[in-house]
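For reference, the structure is listed below as structure tokens.
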Amino acid sequence: MEITYSLSEIDAVAQQILPLLSSKVVVFEGSMGMGKTTLIKSLVKALAIDDVTGSPTFGLVNHYESDDNIVYHFDFYRIEHEEEAFDIGFEEYLYSGEWCFIEWAERVSSYLPERYTTIEIQWIDNDKRKLKIINPSD
């Protein structure tokens with residue numbers, strides 16, 4: 001499924017795509033500045049989590065929680081060796097049954113589960129993006 005949206009519509013898009021995700025492990029693909037973290041912030045909000053969200057670039061993982069949902073947000077942009085993900089217990093997070101939103105997953109590809117959802121984000125112009133949802137069964 002593909003969705004084109006303006007940045008002002010991102011909260012509505014997050015509400016729209018959550019039911020379309022067949023896996024709670026979600027890999028976000030797109031170049032730097034494409035809006036991966038911004039979309040993740042909106043998804044966390046759509047899951048009724050009120051925590052302040054931001055990029056976990058330096059800490060590798062942020063943890064957000066509400067009464068009904070837990071989200072682990074990973075950003076592996078700055079890791080130099082895949083083993084750094086292992087050192088933070090990445091595999092345990094992946095198999096926790098909770099939401100795992102992962103940026104720069106290609107840097108930890110050998111740790112990813114067999115089945116996960118991918119959201120590809122493409123730039124259209126300064127205000128518009130196109131995303132494509134790829135579920136494991138697609």
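None of the values given here were measured: they were computed from a predicted structure.
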note = On a heavy-atom basis, the closest approach of T117 and S23 is OG1-N, 3.3 Å
With K132 via salt bridge (Lys or Arg N to Asp or Glu O under 4.0 Å) - residues at least two apart = none
task = For a ring pair (Phe, Tyr, Trp, His ring centres under 6.0 Å) with Y93, tell me which candidate from F86, W99, F74, F101 qualifies.
result = F74
ask   = If you round to the nearest 0.5 Å, how far is CD of E91 from OG of S110?
value = 8.0 Å
task = Find out if a path of hydrophobic residues (ILVMFWY) with successive side-chain heavy-atom gaps under 4.5 Å connects M1 to L21.
result = yes
inquiry  = Checking side-chain polar atoms at under 3.5 Å, does S109 have a donor or acceptor matched by the opposite partner on E106?
reply    = no
key: Gap separating the CG atom of D50 from the OG atom of S66, nearest 0.5 angstrom   = 8.0 Å
inquiry  = Could you check whether any side-chain N or O of R107 sits under 3.5 Å from a backbone N or O of Y77, counting only pairs where one atom can act as donor and the other as acceptor?
reply    = yes
message = Determine whether a donor-acceptor pair (N or O, by modelled atom type, separation under 3.5 Å) exists between the side chain of N135 and the backbone of S22.
response = yes
query = Are any non-hydrogen side-chain atoms of C100 and K24 less than 4.5 angstrom apart?
reply = no
request  = May I ask you to say whether K130 pairs ionically with E2, meaning some side-chain N is under 4.0 Å from a carboxylate O?
outcome  = yes
message = My understanding is that only residues two or more places apart in sequence, or in another chain, count here; which of them pass salt bridge (Lys or Arg N to Asp or Glu O under 4.0 Å) with E114?
response = none
remark   = Note: A105 and I102 closest approach over all heavy atoms is CB-CG2, 3.7 Å
request  = Could you tell me which residues satisfy side chain to side chain contact (heavy atoms under 4.5 Å, CB included) with Q16, sequence neighbours excluded, listed by chain and number?
outcome  = I3
query = Does E120 reach the main-chain N or O of G30 with its side chain, forming a donor-acceptor pair under 3.5 Å?
reply = no
ask   = How long is the gap from CG on L39 to CD1 on I121, to the nearest 0.5 Å?
value = 5.0 Å
key: Hphob cluster co-occupancy, Y95 + Y72, side-chain heavy atoms under 4.5 angstrom   = yes
query = Are the side chains of I134 and I119 in touch, meaning some heavy atoms are under 4.5 Å apart?
reply = no
task = Please answer: with hydrophobic residues joined when any side-chain heavy atoms are less than 4.5 Å apart, are L20 and I10 in the same cluster?
result = yes
message = When you measure from the side chain of E103 to the backbone of F76, do you find a donor-acceptor pair of N or O atoms at a distance under 3.5 Å?
response = no
query = Does L7 offer a backbone N or O that forms a donor-acceptor pair with the side chain of R129 under 3.5 Å?
reply = no
Full working for side chain to side chain contact (heavy atoms under 4.5 Å, CB included) between Y116 and V26 = CA-CA 6 Å; Y116 56 88; V26 184; over 6 Å; no
key: Expected output: side-chain K36 to main-chain S31 donor-acceptor under 3.5 Å   = yes
message = Taking atom CD as the centre, does E92 end up with more than 12 heavy-atom neighbours from other residues, nucleotides or ligands that are less than 6.0 angstrom away?
response = no
key: Check: L131 and V13 side chains under 4.5 Å, non-hydrogen atoms   = yes
query = Counting N and O atoms only, with roles assigned by atom type, does the side chain of Q15 sit under 3.5 Å from a partner on the main chain of D11, one being a donor and the other an acceptor?
reply = no
inquiry  = Do I124 and M32 sit in one hydrophobic cluster, given that two such residues count as connected whenever their side-chain heavy atoms are within less than 4.5 Å of each other, even indirectly?
reply    = no
task = Kindly give the heavy-atom pair with the smallest separation between S8 and D127, and that separation in Å.
result = N-OD1, 4.4 Å
key: Heavy-atom side-chain proximity of D87 to F90 below 4.5 angstrom   = no
query = Quick one: are I17 and Y5 in side-chain contact, heavy atoms under 4.5 Å?
reply = no
note = In short, H73 meets Y64 closest at the heavy-atom pair CB-CE1, 3.8 Å
request  = Tell me yes or no: between the side chains of E29 and T118, is some donor less than 3.5 Å from an acceptor?
outcome  = no
